[in-house]
Protein chains: 2
Amino acid sequence: MGLREPLAQIAAECSLPKALEAMGERWSFLILRAAFNGLKHFEEIQSNLGIARNILANRLGRLVDVGILDRQPCPEDRRKIEYRLTEKGVDLLPTMIALRQWGEKWETGCPSNPVLVDKRDLEPVADVRVFSHDGRALEWEDLSFHWREELEARAAE
Amino acid sequence: MGLREPLAQIAAECSLPKALEAMGERWSFLILRAAFNGLKHFEEIQSNLGIARNILANRLGRLVDVGILDRQPCPEDRRKIEYRLTEKGVDLLPTMIALRQWGEKWETGCPSNPVLVDKRDLEPVADVRVFSHDGRALEWEDLSFHWREELEARAAE
DNA sequence: CGGTATCCACATGGATACTG
DNA sequence: CAGTATCCATGTGGATACCG
C-alpha cells in the first residue's frame, strides 16, 4: 500500500479525532503554551492571552476534565488557585513545539521568542521531525501508511 | 530564567498564534490527515470525514489560501479537481504525527491504524519527541525557555 | 483572586436542495 | 464532480457586571 495510493477507508482507528476533542479548540493550544511558560493563575493567563473570562473559565475546566491540567490551591497562599501541567499535559510538548516551529518557518519567517533550549548548553533544540525506530531522520518520501494487519501478516511469513 | 519561573510577558513573538490561524479549526487537522492518506477529491474527503459540504468547501478554500493545499485539475480527467499537499503542507507531518501519537498514548490507549512506517523496513516510526541540537533525546526537565537577547548577550561574553 | 451570570455578535456546523 | 445557496441550531467569543 503506497503512500500516494488513496486508502479506500481510512481513519477507522485513528486517534487524531480523539486528540482533537481535547485540543482542537482555538484557545487550547495558547492556554497550554501559557502553562508551559510557567503561568499558573487565572488572572495571569487571562491578561496574557486577552481571552474573555468566561471562555477561559470554560477552557480551563475542560483541560482539567481531560487531565491535561491540574487544579490545586496554591501552596504559598491557599486562597489562590494554581493550574499545573499534568504528565499528560507535558506530553503535548512535542506537538506544540512542532507546530510552533512550523509557524516560524512558514508563517512568521522568524524565530520565536523566548526560545526553547537545552538547559545543559543553552542551545536551541533541534527541529522536531519524524525518525525511524533506529534513529534515522525520515523525509516524507521515506514514509508510508500501512494497515497493522498487513504488517503482522507479513511478519508472520 | 528557569522553566518554572513565570515569564513576566510572553508570546510577544511566538509563531504559535499564527500557526493556529491556519490550522486551529476543528476540521483542518482531519482534512490534512485525509490529504496525507492520499485522498484528493472533494467527494472522497466529504464522504470519508462526514463533514458538511459547505464547511468542507470553506475549509479547503482556506487551506489553499494559506498554501497548505494546492488545487489543480486532475491530470487524468481535467473535469475533476484535485487537492494536493504543498511542501508547506507536508511540513505539518511532524505536528500531526505527534498529536496522533499523543492521542494513542493518552486518549484511545491503543495504536492507530493505518500505521506510519519507514518504507525501507516497514517498521513503525519512532515517537516524535524533542531532541537537542546534537541529537540527545530531551525530557521536560532538561528544557528551559530563554530570551533570545539574553542568549546572545551570554554568547558575546 | 477566581470565578459566574448575562447579553449579544458572529462563526461554525449540519441538512438539504440546487447548479454548471 | 465540485461545489453554491439557503436555512437553522448551536458553539465560540467578547464585554461587562457581579460575587464569595
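Below, read A as the first sequence line, B as the second, and so on, with proteins coming before strands; counting in each chain starts at 1.
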Run B:Phe131 and A:Phe131 through ring-ring contact (aromatic ring centres under 6.0 Å, His included) and show every step you take. CA-CA 11 Å; B:Phe131 287 90; A:Phe131 288 90; 5.1 Å; yes
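Residue A:Glu44 holds its CD atom at 11.0 Å from CG of A:Leu49, rounded to the nearest 0.5 Å.
Residue B:Val117 is not grouped with residue B:Ile97 when hydrophobic side chains (ILVMFWY) are merged at heavy-atom distances under 4.5 angstrom, including chains of intermediate members.
The number of heavy atoms from other shown groups lying within 6.0 Å of NZ (A:Lys18) does not exceed 12.
Contact annotation for B:Arg79: no contact, since no heavy-atom pair falls under 4.0 Å across all strands. Nucleic acid contact for A:Ile81: sugar-phosphate only, since backbone atoms but no base atoms lie under 4.0 Å from a heavy atom of the residue. Within the 4.0 angstrom heavy-atom criterion, only backbone atoms of the sugar-phosphate kind lie near A:Arg59; the bases stay farther away. If you check every strand for non-hydrogen atoms under 4.0 Å, A:Asn54 touches a base. Backbone-only engagement by B:Glu25 is indicated by non-hydrogen atom pairs under 4.0 Å involving sugar-phosphate atoms exclusively.
Atom P of nucleotide D:dT12 and atom CD1 of A:Ile31 are separated by 12 Å, given to the nearest angstrom. One atom, CD of A:Gln46, and another, C1' of D:dG13, lie 13 Å apart when rounded to the nearest Å. Look at CD on B:Glu43: it is 8 Å from C1' on D:dG3, rounded to the nearest Å. Rounded to a whole Å, the CD1 atom of B:Ile55 is 4 Å from the C1' atom of C:dG13. Taking atom CG on B:Leu49 and atom C1' on D:dA2, their separation rounds to 16 Å, with Å as the unit. Atom CD1 in A:Ile45 sits roughly 13 Å away from atom P in C:dC1 (whole-Å rounding). Look at CG on B:Leu56: it is 10 Å from P on D:dA2, rounded to the nearest Å. B:Leu20 has its CG atom 11 Å from the P atom of D:dG13, to the nearest Å.
Dashed line: the shortest gap from a side-chain N or O of A:Arg62 to OP1 or OP2 of D:dG11 is not under 4.0 Å. Look at A:Tyr83 and you won't find any side-chain N or O under 4.0 angstrom from OP1 or OP2 of C:dC1. Close to D:dT6, at under 4.0 Å from its OP1 or OP2, lies no side-chain N or O of B:Arg53. Put simply, A:Trp27 has a side-chain N or O that comes within less than 4.0 Å of OP1 or OP2 on D:dG13. Contact check, B:His41 against D:dC1: no side-chain N or O comes under 4.0 Å of OP1 or OP2.
Between the side chain of B:Arg26 and the base of C:dG13 there is no donor-acceptor pair of N/O atoms closer than 3.5 Å.
When all heavy atoms of B:Leu32 and B:Met96 are compared, the closest pair comes out as CD2-SD, 4.0 Å.
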